[in-house]
Protein chains: 2
Amino acid sequence: MILLLVSKKVNTIHNSTEQQGQLTIRDIARLSGVSTATVSRLFHNPSCLKPDTKAKIEAVIEKHQYIPNLNASALTTKNTMTVGLIIPTVKSSIHSALIQSVQDTCAELGYSVIMGNTNYSEETEKNLLDIMLNRRVTGIIHAGTVNPKFIAMLRRAAEHSIPSVVVWENISDNEISSVGIDNYRASYDATQYLIDCGHKDMGLLLGPYTTMNRLAQRRLGFMDCMNHNNLYAGDDTIISLSHEVRDGVMGAAMLIGKHPRLTAIYAASDVLAFGALYSLRQMGRRVPKDISLVGFDNIEFSEYCIPSLTTVNVPAVKMGKKAVFELVDKIQHNRLQAKHIYLEHEIIIRDSVANYRAT
Amino acid sequence: MILLLVSKKVNTIHNSTEQQGQLTIRDIARLSGVSTATVSRLFHNPSCLKPDTKAKIEAVIEKHQYIPNLNASALTTKNTMTVGLIIPTVKSSIHSALIQSVQDTCAELGYSVIMGNTNYSEETEKNLLDIMLNRRVTGIIHAGTVNPKFIAMLRRAAEHSIPSVVVWENISDNEISSVGIDNYRASYDATQYLIDCGHKDMGLLLGPYTTMNRLAQRRLGFMDCMNHNNLYAGDDTIISLSHEVRDGVMGAAMLIGKHPRLTAIYAASDVLAFGALYSLRQMGRRVPKDISLVGFDNIEFSEYCIPSLTTVNVPAVKMGKKAVFELVDKIQHNRLQAKHIYLEHEIIIRDSVANYRAT
DNA sequence: TTGAAAGCGCTACCAG
DNA sequence: CTGGTAGCGCTTTCAA
């Protein structure tokens, strides 16, 4: 004969009436005289509960300020409703705009975002990804340094069925989606605009293009456009420093130092342009009278610089939104196939460029 | 006689050799011929494992790319190692600096941060807090609108034993810690600086002080200082709009419209000052020759404005760091008692103020 | 030095 | 419409 003995769960901890917070679903169940399943239903399928059962439970929840533990439910549902956002730094307006947008869109859709700065370090980038995998984020939005090594890592995340989308630039990958502008084309257009305004001697100021693909693209767009117009662009007219305002200050000084007769500087980010503006002023060059300036990003400040900055608009807000939608779409349809979304750029013409061809 | 029959767990799901990702600790245990407890020890107490057991498990982990599930372990340890960060918006440099600092400090200490924008909405603020409680963040850093209602909510979080610290300003609370500058004093000092430079007619430009205590403090500091110096400050010399650059633009125009003879404008944030700078320029007033300008925050751009902006430095990076340390200290020592940390402000003198008293 | 097993708080399936 | 119960992936005694 076989006797099955099941020890009745006693749950001593929760028998004491008043705990300092952290009530569990079991407490609520007990307190309202129903099963945990029923309490759970209140949250996920309230329509199938008898009105007074519902009311009863709700009262208890209200009274005891019960706060469901999302981590616990994620364990069962295997859905943390969290997206991981990897960005280089929040200290640049163009990134902030994206972050804000991602954040807000996620909130709308019920997702939380856990965010990490890479500070432009590949190692940090890798660590961040690991942490996000550890936390089983539902998906990843990557706004960092897009390089093959990292794409490989994202693909590894995909193997663990965590989808991701890269922003700022478009890549070609079957699994990793992307939403961005055509950085090459945008840069080409900006350069062409300058040329159309009659400029012939110009220099480029940009961040570390060797490690950031979108910067490499912008550099290439500039060079190609110059070449196609039979104008000179070489390593001596291209200054690559870092991403900060001070790099713009320094870079402009270097450029003017080497080529005093430049009629225009094209800075591949507004932050650099802002620094350049300051620098040019320091050197006694008036913008746009003596020298013209074009930026890239269209951050909020660029409209209020003196003079206001002609720049390339990057639809950061739209980008963030699209990225989240694409990510969530992948998640919800369990889709592996990547989608690549191209966004339009646009030259915003303001006051920092002299037009020598205008009447 | 009693026979205890325990059904051998079969775990069919995991018996299939190759799953697409998401290996569990049990898989690793099975694969390396040890118990889950032993695998767990590898992560938490590796020194108590026999070297070859250790090596064996490590090999399996490496080979199968096992990624521990932090949510699951949080369920047992009751520690999510996550701090919740509530901020109004990331779109202002002063906030970005804080975010970055909080982020980096948390990362150093092994915490992740889950962040939410309130967009200056009280409702969103409440929702964010709820979400964070749902996610059982280990603690909360609050950089939002400090008002009694929200402090009450944080206290509720404290009841659920989730500690929090408020930043930007100091409060007096027994449970909620704070780290910030003395906004009243800083504002008083900025005003006094202007007065010391010989200014008598000045206006104040600031955000919505009725809903943000630190702005109310700054307003009061300005008014008191003016009064103590027998100078006039009234509702017609104080313009309160919102937080954006355009508010600075508009505000300065309004101020000058009402009081054409103002010799100085004190903007209670650099963003507003930036807008004011633009606006004054539009109106043909040179800074500092015709009119002086003082900002508040010392965001990166203020150094590179033209002219560079005299402003009040708020040690945002230090603040973020201190906030995290205080939070973690509370967590680790299970301390309820609040600590209130005062940070020093400092007037950064640059080129936007004319000194009429100078020789 | 290791293993067995009891949970952590919640969901979801299967009965009724 | 509701309850019982078996997990989710991990940690942590307790025992061996």
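In the text below, chain A, chain B and the rest are named by the order of the sequence lines, each starting its count at 1. Bear in mind that the values here come from a model prediction, so they are computed numbers and not experimental data.
- For S73(B) and dG9(D), the shortest distance from a side-chain N or O to OP1 or OP2 is not below 4.0 Å.
- Judged purely by distance below 3.5 Å, without hydrogens or angles, the side chains of Q100(A) and N119(B) pair a donor atom with an acceptor atom.
- Following rounding to the nearest Å, N79(A) (CG) and dG9(D) (P) show an atom-to-atom distance of 14 Å.
- In summary, of the residues considered (T105(A), D104(A), L98(A), I99(A)), a side-chain contact (heavy atoms from CB on, under 4.5 Å) with S101(A) occurs for T105(A) alone.
- Here the P atom of nucleotide dC10(D) and the CD1 atom of I57(B) are 13 Å apart, to the nearest Å.
- Between L75(B) atom CG and dC8(C) atom C1' there is a gap of 4 Å when expressed in whole angstrom units.
- Remark: H44(A) is not in phosphate contact with dA12(C), judged by side-chain N or O atoms under 4.0 Å from OP1 or OP2.
- Between the side chains of T138(A) and T82(A), no donor-acceptor pair of N or O atoms lies under 3.5 Å.
- Taking five base pairs at each end of the helix from dT1(C)-dA16(D) to dG16(C)-dC1(D) and finding the rotation axis that steps the C1' atoms of four pairs onto the next four gives two axes whose angle is 30°, to the nearest 10°.
- Side chains of T24(B) and D27(B): a donor on one and an acceptor on the other come within 3.5 Å.
- Closest to the K78(B) side chain, of the nucleotides dT11(C), dC10(C), dC8(C), is dC8(C).
- Between the side chains of S121(A) and T118(A), no donor-acceptor pair of N or O atoms lies under 3.5 Å.
- Using a 4.0 Å heavy-atom cutoff across all strands shown, V34(B) reaches sugar-phosphate atoms only and no base atom.
- Closest to the side chain of S35(A), from the set dG3(D), dT11(D), dT2(C), is dG3(D).
- The side chain of T77(B) sits closest to dT12(D) out of dT12(D), dC8(C), dT5(D).
- Rounded to an integer number of Å, the gap from NZ of K56(A) to P of dT2(D) is 8 Å.
- To the nearest angstrom, P of dG9(D) lies 14 Å from NE2 of H160(A).
- Taking only side-chain atoms of R26(B), from C-beta outward, the nucleotide of dG3(D), dG9(D), dT11(D) with the closest atom is dG9(D).
- Nearest-nucleotide mapping onto DNA chain C: of D52(B) and R136(B), the residue sitting toward the 5' end is D52(B).
- Between F43(A) and Y66(A), the two ring planes are tilted [angle within 30° to 60°].
- Between the P atom of dG7(D) and the CG atom of N71(B) lies a distance of 21 Å, rounded to the nearest Å.
- In this structure, L133(B) places its CG atom 16 Å from C1' of dG9(C), rounding to the nearest Å.
- Residue F43(A) is classed as having no contact, given no heavy-atom separation below 4.0 Å to the nucleic acid.
- Nearest nucleotide to the I25(A) side chain, out of dT11(C), dG4(D), dC10(D): dT11(C).
- Taking side-chain N and O atoms only, S40(A) has a distance below 4.0 Å to OP1 or OP2 of dT11(C).
- Atom CG in L42(A) sits roughly 15 Å away from atom P in dA12(C) (whole-Å rounding).
- Aromatic rings of H142(A) and W168(A) (six-membered ring for Trp) have centroids beyond the 6.0 Å cut-off, not under it.
- Comparing dG3(D), dT11(D), dG7(D) against the side chain of T76(A) picks out dG7(D) as the nearest.
- Distance from the side chain of L49(A) is smallest for dT2(D) among the nucleotides dG9(C), dT2(D), dG9(D).
- Between S178(B) and E169(B), the side chains place no donor N or O within less than 3.5 Å of an acceptor N or O (distance only, hydrogens not considered).
- Between the side chain of R41(A) and the base of dG3(D) there is at least one donor-acceptor pair of N/O atoms closer than 3.5 Å.
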